[in-house]
Amino acid sequence: MADKKEIEELKEKLFNKKENGWNNTANKEDIFNYANGYIKFMNKAKTEREIVKQSKIIAESKGFIDIKDYDVLKPGDKVYYINREKSMYLAIIGNESVENGVNIIGAHADSPRLDLKPNPLYEDCELAYLKTHYYGGIKKYQWTTIPLSIHGVIVKANGEKVEINIGEDENDPIFTITDLLPHLAQDQMDKKLRNGINGEDLNLLVGSIPYEKDISEAVKLNVLNILNKKYGMKESDFVSSELELVPAMKCRSMGFDESMIAGYGQDDKICVYAELTSLVDMDIVPNKTAVCIISDKEEIGSMGNTGMESNVFEYFMSEILNKLNVNRPNLLDKVFCNSKMLSADVDAGFDPIYASVSDKINAGYIGEGISLNKYTGSRGKSGASDANAEFVAVVRNIFESNNVKYQVTELGKVDIGGGGTIAYILANKGIDVIDCGVPVLSMHSPYEVTSKFDLYEAYKGYTAFYKN
Ligand code: MN
Ligand code: MN
């Protein structure tokens with residue numbers, strides 16, 4: 001019979017050991033410094049338009065140039081393309097022929113939120129409100145009684161565009177959606193949680209002073225008068241606006257040990273930050289052309305001309321082929337069939353308070369590194385892009401040889417629910433794709449939680465993938 005020591009050694013050798021990432025962190029300072037950069041980024045950008053704007057600033061500071069300003073591309077050139085201020089593609093041209101495929105990482109910049117309706121402003125009992133229509137999968141009750149800010153654009157009929165960002169600066173007012181006091185909420189409290197707050201009741205309280213006494217809709221008029229003075233707008237200009245309500249709470253370091261980050265929209269801005277910085281920090285000309293996608297509309301199905309389902313990404317890739325002077329019929333199909341991709345999207349972190357929804361053996365844990373989801377989907381993997389075992393092995397190998405801590409996980413127990421990402425859209429083009437992102441607690445809530453360790457491993461993992 002083997003002795004205890006031998007058995008321990010055999011276990012050490014054969015078991016796929018799970019371990020808290022913080023146990024072996026010689027570089028805690030690097031992890032914390034990198035997280036500080038992320039927190040700053042998050043506090044400048046809460047919407048897809050703001051993410052694209054900040055990403056452009058970062059990319060340009062690192063030598064990236066709008067692809068339209070290049071006639072001919074060569075290895076080492078750094079380009080970007082911005083699609084309608086909401087999605088963005090970047091690339092560093094590699095040494096190897098693009099025919100052999102490119103390395104792509106793609107994340108999305110949109111997050112669940114409340115959008116204003118096209119005709120939002122009304123007055124009821126001398127209070128002025130803005131009506132909203134929620135965007136993405138939210139638990140509606142979470143969006144009442146929290147400070148909200150308004151971000152976005154108003155485009156007047158003549159094309160003049162006004163950027164709005166109100167509620168983030170300490171001196172700005174904030175806004176909120178009221179909820180019923182518990183004393184009078186007997187009926188509400190008996191409802192199912194999903195029906196506790198109606199979508200049509202998510203109305204933002206925005207004013208209470210009448211313009212003058214003894215006139216009708218005086219509070220609404222006063223609000224419009226303020227907006228007119230500040231932005232030169234009329235009520236009709238709301239119809240051509242995109243105004244998003246997001247939590248007016250800062251992204252912050254969290255926990256006594258400051259090991260975590262709390263903030264709105266970390267799905268999927270945490271992966272945007274990791275992929276973007278891993279690209280722009282590249283200190284070599286990579287062998288394979290490195291491509292970074294910042295997508296829009298993922299939370300509502302990736303449709304429309306800024307979503308991943310559109311052909312704009314193909315257009316960007318074709319422009320690269322054109323400007324490398326290599327393009328010919330069907331070459332892009334070949335490039336895609338030879339390409340590899342990490343779909344950089346967040347994973348559900350295991351929450352001990354809600355342990356029953358997860359398979360503990362296959363769940364993603366915060367603080368245990370970057371999560372690889374071989375597949376997502378629901379029920380019998382319906383709608384899943386199921387990564388090929390050969391490709392999972394390639395990605396594993398990259399991570400293992402670069403000392404990147406990773407976990408291969410599933411989103412919740414079988415038949416409990418499910419989810420999806422942009423992975424299938426790129427996989428449909430022939431690209432080898434796997435979901436690979438940071439585990440999150442309270443996903444899709446106004447205040448999501450992540451681990452600084454996992455963020456740093458994502459940065460390391462994406463860097464290793466691009467350099468491979
Ligand atoms: Mn996501
Ligand atoms: Mn999401």
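The chain is numbered in sequence order, starting from 1. Counting starts at 1 for both ligands and their atoms, in listed order.
- Applying the ring-ring contact (aromatic ring centres under 6.0 Å, His included) definition to pairs two or more places apart or across chains, those involving residues 33-55 are Y34-Y273, Y34-Y456, Y34-Y459, Y38-Y273, F41-Y273.
- Here side-chain hydrogen bond (donor to acceptor under 3.5 Å, both in side chains) pairs that include residues 437-446, with residues two or more places apart or in two chains, are D267-H444, E299-H444.
- With R49 as the fixed residue, the side chain to side chain donor-acceptor pair (under 3.5 Å) test singles out one of E242, H151, E244: E242.
- Residue-and-atom listing of protein N/O/S atoms under 2.8 Å from the Mn ion (ligand 2), sorted by chain and number: D267 OD2, E299 OE1, E299 OE2, H444 NE2.
- Among the candidates K53, K161, K56, the single residue satisfying the salt bridge (charged side-chain N to carboxylate O under 4.0 Å, His left out) test with E85 is K161.
- Between T450 and L455 the shortest side-chain heavy-atom distance does not fall below 4.5 Å.
- Applying the salt bridge (Lys or Arg N to Asp or Glu O under 4.0 Å) rule to pairs touching residues 444-456 yields nothing, sequence neighbours excluded.
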